[in-house]
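What follows is one structure encoded as structure tokens, with my remarks underneath.
Quick caveat, the model's predicted, so the values are computed rather than measured.
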Amino acid sequence: MRAVIFDDVRAQPEVREVTTPEAPAGGVVVKVEATGMCRSDWHAWAGHDDIAFPHVPGHELAGVIAAVGEGVQRWKTGDRVTVPFVCGCGKCEWCLAGEAQVCPEQQQPGFTHWGSFAEFVALHAADSNLVAIPDSVEFTTAASLGCRFATAYRALAARAKVKSGEWVTVVGAGGVGLSAVMIAKALGARVVAVDRNPQALAVAARLGAEHTVLADGSDIPEAVNRLTSGGSHVAIDAVGSEQTCADAILSLRRRGRHVQIGLLPSINGHPRVPMDRVIGWELDLLGSHGMAAVDYPGMMALIEQGLLQPQLLIERTIGLEEAAVLLPSFDTATVAGMTMIDPAR
């Protein structure tokens, strides 16, 4: 099969012919019809994750089951499926409680094993992790759910428990940030979107952001405080840097809730967080790490009903060769939405 592959940290990715995977026991091989490029893929390429080389990235995917491993009960070849980017073992106390996103033995395509920037990908514990794609939902739409949209959905609905009428500040208007804007609006919240890219902010406004703030070096928390008459109830850092994390936290009103979605790699030691504000204002700091397969049906039903439209977040679709060129610079790419990859291009 053809796949995007790189041989070391920050090595130039290439498209090569590699061996097609075999279905593991309890797992499947999926023919990839669509897969998303995410900032997390860039983090893996940049050496912020412990991966083995050579490596094929990609963790947001949708496709058709091409092969079924021994012991799989619920799935057959030809089924249209997607999968959360965190695949639980299906057996531990966390998985049995429906919390596979924190499974200690989790597998992550594109991180713990070869991912979906390829024509085929192997997935583990299929009976616990695969999600059926309704016929009315396109593969690109389903692939967009696997990391950014599902993470944003759970961050707002389950972690922050956003209420109608609350202010939500979303720092970063890339794929996950725009997902958060759309979902917060659907939950009845009032949204402030922050980004350095005016085009991304324009998209955020079309998706329902009541206010947009350009990150041009000005005082972001002060601007949010003014726009929301005292700060937001909920803040999302959808980028993952000391600056964006601090801006999000300092944009909160007293007793506010911050959800960290963007990966926050350390530069020199642990990243600095304004804990004095957290303590003094009794803020809640929450993490959000994807969403388990058992929670997908509710979100998928809202998509089928048209109440959530993740397909509107897709800015462009590219092929594997373009993906190999784009990945090393994806952390600085001015993308106003999601980039999807069609391995057949």
Side-chain angles (χ1 to χ4, degrees), residues 39 148-149 151-264 270-289 308 313 336:
R39 189 178 171 93
R148 288 166 283 188
F149 199 87
T151 298
Y153 182 87
R154 187 169 181 278
L156 289 163
R159 299 295 281 146
K161 296 181 171 60
V162 170
K163 303 179 185 68
S164 180
E166 289 189 317
W167 282 105
V168 174
T169 295
V170 179
V171 180
V176 70
L178 291 174
S179 299
V181 170
M182 177 185 288
I183 294 162
K185 178 69 174 178
L187 294 173
R190 305 175 71 183
V191 182
V192 179
V194 180
D195 200 273
R196 63 189 179 188
N197 179 3
Q199 289 75 32
L201 291 177
V203 176
R206 291 200 297 273
L207 293 174
E210 193 166 327
H211 300 291
T212 61
V213 178
L214 183 64
D216 57 0
S218 57
D219 190 332
I220 300 300
E222 191 279 330
V224 173
N225 186 287
R226 184 179 68 255
L227 291 168
T228 61
S229 300
S232 57
H233 301 85
V234 173
I236 302 286
D237 175 14
V239 179
S241 73
E242 285 189 351
Q243 185 67 56
T244 55
C245 177
D247 282 344
I249 289 172
L250 296 174
S251 295
L252 289 168
R253 64 182 60 201
R254 297 169 191 270
R255 301 300 307 276
R257 293 103 71 197
H258 169 76
V259 188
Q260 187 65 36
I261 293 178
L263 297 177
L264 198 56
H270 293 295
R272 293 165 294 184
V273 175
M275 291 302 294
D276 54 340
R277 176 63 65 86
V278 173
I279 296 166
W281 286 21
E282 291 195 353
L283 306 178
D284 292 337
L285 299 189
L286 305 165
S288 188
H289 191 232
L308 291 175
L313 304 176

Residues L283 and I249: closest non-hydrogen pair is CD1-CG2, 3.8 Å
Here the ring pair (Phe, Tyr, Trp, His ring centres under 6.0 Å) pairs for residues 189-210, sequence neighbours left out, are none
Here the ring pair (Phe, Tyr, Trp, His ring centres under 6.0 Å) pairs for residues 171-209, sequence neighbours left out, are none
Residues 170-205 vs ring pair (Phe, Tyr, Trp, His ring centres under 6.0 Å), sequence neighbours excluded, gives none
Residues passing the side-chain hydrogen bond (donor to acceptor under 3.5 Å, both in side chains) test with T169, sequence neighbours excluded, are S232
Sequence neighbours excluded, the answer for side-chain hydrogen bond (donor to acceptor under 3.5 Å, both in side chains) partners of D237 is T244, Q260
Can you list, pair by pair, the side-chain donor-acceptor contacts under 3.5 Å of residues 271-278, counting residues two or more places apart and other chains?
unit_1	atom_1	unit_2	atom_2	d
R272	NE	E242	OE1	3.1
R272	NE	E242	OE2	3.3
R272	NH2	E242	OE1	2.7

**Asked** Does some side-chain heavy atom of V239 sit less than 4.5 Å from a side-chain heavy atom of R39?
**Response** yes
Minimum side-chain heavy-atom gap L313-F149 below 4.5 Å
yes
All heavy atoms of V259 vs all of A155, minimum pair found to be CG1-CB, 3.7 Å
Across all chains, not counting sequence neighbours, the side-chain hydrogen bond (donor to acceptor under 3.5 Å, both in side chains) partners of Q199 are none
Of all heavy-atom pairs linking G177 and V170, the shortest is O-CG1, 3.5 Å
Applied to residues 221-231, the side-chain hydrogen bond (donor to acceptor under 3.5 Å, both in side chains) test, sequence neighbours excluded, yields E222-R226
Quick one, I236 with L156, criterion side chain to side chain contact (heavy atoms under 4.5 Å, CB included). Give me CA distance, side-chain angles, the key distance, then yes/no.
CA-CA 9 Å; I236 302 286; L156 289 163; 4.1 Å; yes
Here the ring pair (Phe, Tyr, Trp, His ring centres under 6.0 Å) pairs for residues 209-248, sequence neighbours left out, are W167-H211
Distance col, row S164:OG vs L187:CG, nearest 0.5 angstrom, shows 9.0 Å
Practice item. Give the C-alpha distance, both sets of side-chain angles, the deciding distance and a yes or no for side chain to side chain contact (heavy atoms under 4.5 Å, CB included) between D247 and V194. Key: CA-CA 10 Å; D247 282 344; V194 180; over 6 Å; no
When you compare the side chain of L207 with that of V191, does any pair of heavy atoms fall below 4.5 Å? no
Minimal heavy-atom distance between I261 and A152, with the atoms involved, is CD1-CA, 4.2 Å
Those residues at least two apart in sequence (or on a different chain) that pass salt bridge (Lys or Arg N to Asp or Glu O under 4.0 Å) with R257 are E166
V192 and V213 have their tightest heavy-atom pair at CG1-CG2, 3.9 Å
Note: L264 and G240 closest approach over all heavy atoms is CD1-C, 3.6 Å
For residues 176-190, the side-chain hydrogen bond (donor to acceptor under 3.5 Å, both in side chains) pairs (sequence neighbours left out) are R190-E210
Sequence neighbours excluded, the answer for side-chain hydrogen bond (donor to acceptor under 3.5 Å, both in side chains) partners of R254 is none
The reported gap from CG in D195 to CG in L178 (rounded to nearest 0.5 angstrom) is 8.0 Å
Item checked: Flag, side chain of R159 to backbone of G287, donor-acceptor distance under 3.5 Å -> yes
